[in-house]
Structure formats: structure tokens, C-alpha cells
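A quick write-up on the structure given underneath.
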Amino acid sequence: MDLSDTPEEEEFRARLRAWLAAALPGLPPKPPPDDWPARRAYDLGWQRRLHDAGYAGVHWDASPAIRLIFLEETEKAGAPYVGANFVGLLHAGPTIAAEGTAEQRARWLPPILRGEEVWCQGFSEPEAGSDLAALRTRARREGDTYVVTGSKLWTSHAEVADWCELLVRTDPEAPRHRGITWLALPMDTPGITVRPLRTLAGSAEFAEVFLDEVRVPVANRVGDENDGWRVTMVTLSFERGTAFAGEVVACRRVLTELAAAARGNGRWDDPALRRRLGRLGAEFRALWRLVQWNVSAAGTSGGVPGAGGSVFKLRYSHARQELYDAAADVLGDDCLDLDRPWTLDRLASLSYTIAAGTSQIQHGIIAERILGLPKGR
């Protein structure tokens, strides 16, 4: 595989670099991590700038190579992360693009790209996290409306969201994976209660969501009734296969900063630390190649990543934790100071072997769908 840039890709890279160099100095200061209304406004403002400059649709409409160049260059330049736009831009939007009707795509996709609406993810429940098919939030149909009752947990960005990608059980008598439906829920609908959850790092980007006789139009269903598990696999393929791609570049940047910090405080003299950082450098280079492979494979299969995304998610989760453990060694006693670089990132990294499907779930997917091993009993 030739991974060098074509003339078209070189032109795109140079144009994007020039635009970033001009746009980034004019950004307002980034809001504090615990002020999500301000962070929503900041993230939507950046998305609007991308839209007006012609870069908003890169994640969906561009070739795999152009998408990766965009991720590479924005991370290297220190551009804002997608932030509150994460679910809409990298989960719900691609799912609607792949599975939605023409009317649904016209209604929901442009506002995501223009930075006008934020989405949250209503999948996990108190007793249905990794075992997502055990979800119990019920939706009974009354004519052209679903009436939804239940609760969701770890709902990303619910406190500032306009819409929620919501999984509900529409046929409680069907086998677990066959009675689920994927709905788009307006978050201003009567009957919704949102309670933010504060994380170990002190922020509140997750929430509990309680649904009490919430009425959702049948027109907001993506895919067929009771076919939501298949649609959900599309969503999770994007989440595990491509949504973390930009973070690999960020980790490589952090690794370079760690090496510089270690040289500055004398810890570089430790050969074990140097070997550790060198191994992590090789690992993140390999992960970036895996990202390139996954994105290219998705481009030849209708844009939906395959089970290879679980290979990436599994190894990336652990590599990220190892990176920030190494950061703690470089910082020494300062790793307990929440105002020091990498400390909050280290706390956040602890969730990566749980978020977007636990490592145990990824092992099962790889065993069954890639290696062809039988299901466990």
C-alpha cells in the first residue's frame, strides 16, 4: 500500500495548514472544563468556522486519505477537538447518513455540520452497560408515536444536547437483540429529566436521563422497528473504528512533549523510561497505520467500519492508559497536581477500557467475528 500523498492530497494538506494558521490565532479562550454551556458554544463556534471554510463535511464526504490528513493536521496545529459535537459528528451523523431516509438526512445532517445542534448518546442503562442488549427502556407504540419510559446512564453531553440517539425496547417478547429500535429523541420533549454526573476528573460531560411517558414521533425512527440492534452495530462501528482516530495523533504529540519534559527534569537519564517511551512511540505509529487501514477499508464497504475497529479500540484503550502512566513517571510528585499538564488526561484515560464497549467486549467481538471462534456459553 502506497501511503504517500497524491498531488491532490498534498494540495489539500497545504491549504488546510494555511487556513489553520490564519484561523487559530483568532479563537477566543477555551472555557473551563466544568462549564458545559460555554464549552457547547465554543465547540459549536469552531464547527461553524469549519463549515464556512468548507471543511465541515470531511468526516462524512471526503476520501479516507483526506479525512486522515484533516485529523492529522488539525491535531498537529492544536485546533479544538470536536468536544460537544462528538456524538453528532462522529456517531449519530454517520449512522443517519448510512441508515436514515432522505428526509431524515435532510433534517438532521446539515445542522450538525453547521454547528447548530448537539447530540447525546442514550445507549447504556443502569443494568445494561457492556451488555447493551439487556436494555429495558420501553417504547410502546400509539399510532404515529412511541411512548417511552425508562432511564439511561452515562449519556454523553445530555445536559447541553438538542437531540439524543436513543435505544428502546419495542418488543419485550422478542429475543434480546431483536426487539430494539433506534430513535432520534428531541431533548426538549416533556417528561425528560437530566441529572449530570461528575467524573473523577471533575467534569460533568455525562448524565443520567430519566424518561417518563416521553412521546417520540415514529418518523424519528432510524431503520425499521425492532431492527435497532443492527443499526446500533453501525453506530458502534463508527464509535470504535474511526471516532478515536484524531486522538492517536494527539497521543503522539503528547509523547513528544513527554520526552522533552523528561530531558528537562533529568528523568531522561533513566534507561527504562527511555525504552518505555520508545515502545509507546512504536505502538502509536502502528495504531495510526491501523487507523489508515480501517478508514480505507470502510471506504470500500459503504463507509461503515468493520469489526477491525474493535482491534483498534482494544489496543488503543490500553496504550492510552500506558501513555499517561508514563506521564505520571515523568512528572513525579507533580502528577498529583490537577493544574499540571497531563494530570486530568491521566484520570480520563482510566475510562477508556470501559467506554465505547469494555475491553472484554472487544475481545469477544474479535474472537467471534474476526477469528471465527464459537460463542462462549
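Source: prediction; values computed, not measured.
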Ile180 and Leu183: same hydrophobic cluster, using ILVMFWY side-chain contacts below 4.5 Å? no

Within the side chain of Asn220, is there an N or O that forms a donor-acceptor pair under 3.5 Å with the backbone of Ala184? yes

Lys/Arg N to Asp/Glu carboxylate O, Arg279 vs Glu283, below 4.0 Å: yes

Can you establish whether the number of heavy atoms outside Arg15 located under 6.0 Å from its atom CZ is more than 12? yes

Could you go through the side-chain hydrogen bond (donor to acceptor under 3.5 Å, both in side chains) check for Glu125 and Ser151 one step at a time? CA-CA 6 Å; Glu125 297 183 5; Ser151 65; 5.8 Å; no

Between the side chains of Arg107 and Glu103, is the shortest nitrogen-to-carboxylate-oxygen separation below 4.0 Å, so that they form an ion pair? no

Got a sec: does the CZ of Arg141 have more than 12 other heavy atoms crowding it under 6.0 Å? yes

Closest approach of Gly93 and Leu109, non-hydrogen atoms and distance? O-CD2, 3.5 Å

Non-hydrogen atoms of Arg320 and Phe284 that approach each other most closely: N-CZ, 4.1 Å

Centroid separation His91 to Phe86 less than 6.0 Å: yes

Where Glu322 and Arg276 come nearest, the two heavy atoms and their spacing: O-NH2, 4.0 Å

Arg315 atom CZ, over 12 foreign heavy atoms within 6.0 Å: yes

Taking Arg267 for the side chain and Ala261 for the main chain, is one N or O donor matched with an acceptor at less than 3.5 Å? no

What distance separates Asn226 CG from Arg169 CZ, expressed to the nearest 0.5 Å? 9.5 Å

How far apart are the C-alpha atoms of Glu116 and Arg48, what are their side-chain angles, what is the distance that settles it, and do they pass the salt bridge (charged side-chain N to carboxylate O under 4.0 Å, His left out) test? CA-CA 8 Å; Glu116 295 171 354; Arg48 183 69 195 202; 3.5 Å; yes

Quick one, Tyr316 with Val248, criterion side-chain contact (heavy atoms from CB on, under 4.5 Å). Give me CA distance, side-chain angles, the key distance, then yes/no. CA-CA 8 Å; Tyr316 170 69; Val248 175; 4.1 Å; yes

Can Lys152 and Glu208 be counted as an ion pair, charged N to O under 4.0 angstrom? no

If you count the non-hydrogen atoms of other residues, nucleotides and ligands that lie under 6.0 Å from CD in Glu8, is the total more than 12? no

What's the spacing between Asp329 CG and Tyr324 OH if we round to 0.5 Å? 14.5 Å

To the nearest 0.5 angstrom, please state how far the CG atom of Leu68 sits from the CD atom of Glu73. 11.5 Å

Do the side-chain N and O atoms of Glu225 and Thr170 include a donor-acceptor pair separated by under 3.5 angstrom? no

Test salt bridge (charged side-chain N to carboxylate O under 4.0 Å, His left out) on Arg263 and Asp269; report intermediate values, then the result. CA-CA 8 Å; Arg263 290 187 180 97; Asp269 296 335; over 6 Å; no

Please check if atom CZ in Arg138 has more than 12 non-hydrogen atoms from other residues, nucleotides or ligands closer than 6.0 Å. no

Run the salt-bridge test on Glu75 and Arg252 with the 4.0 Å N-O cut-off and return the result as yes or no. no

In terms of heavy-atom contacts, Thr232 and Leu167 come closest through OG1-CD2, 3.1 Å

Ion pair present between Arg215 and Glu213, side-chain N to carboxylate O less than 4.0 angstrom? no

Between the CH2 atom in Trp46 and the NZ atom in Lys30, the distance rounded to the nearest 0.5 Å is 12.0 Å

Charged tip of Arg285 within 45° of Trp288 ring normal and under 6.0 Å: no

Would you mind reporting whether Thr137 and Leu211 have side-chain heavy atoms less than 4.5 Å apart? yes

One pair to check against salt bridge (charged side-chain N to carboxylate O under 4.0 Å, His left out): Arg221 and Glu99. What are the steps and the verdict? CA-CA 10 Å; Arg221 184 186 69 219; Glu99 298 290 334; over 6 Å; no

Does one side chain, of Trp163 or Glu117, offer a donor that lies under 3.5 Å from an acceptor on the other? yes

What are the two closest non-hydrogen atoms of Pro25 and Leu20, and how far apart are they? CD-O, 4.1 Å

Compute the ring centroids of Trp19 and Tyr55, then answer whether they are less than 6.0 Å apart. yes

Which heavy-atom pair separates Ala158 from Ala207 by the least distance, and what is that distance? CB-CB, 3.9 Å

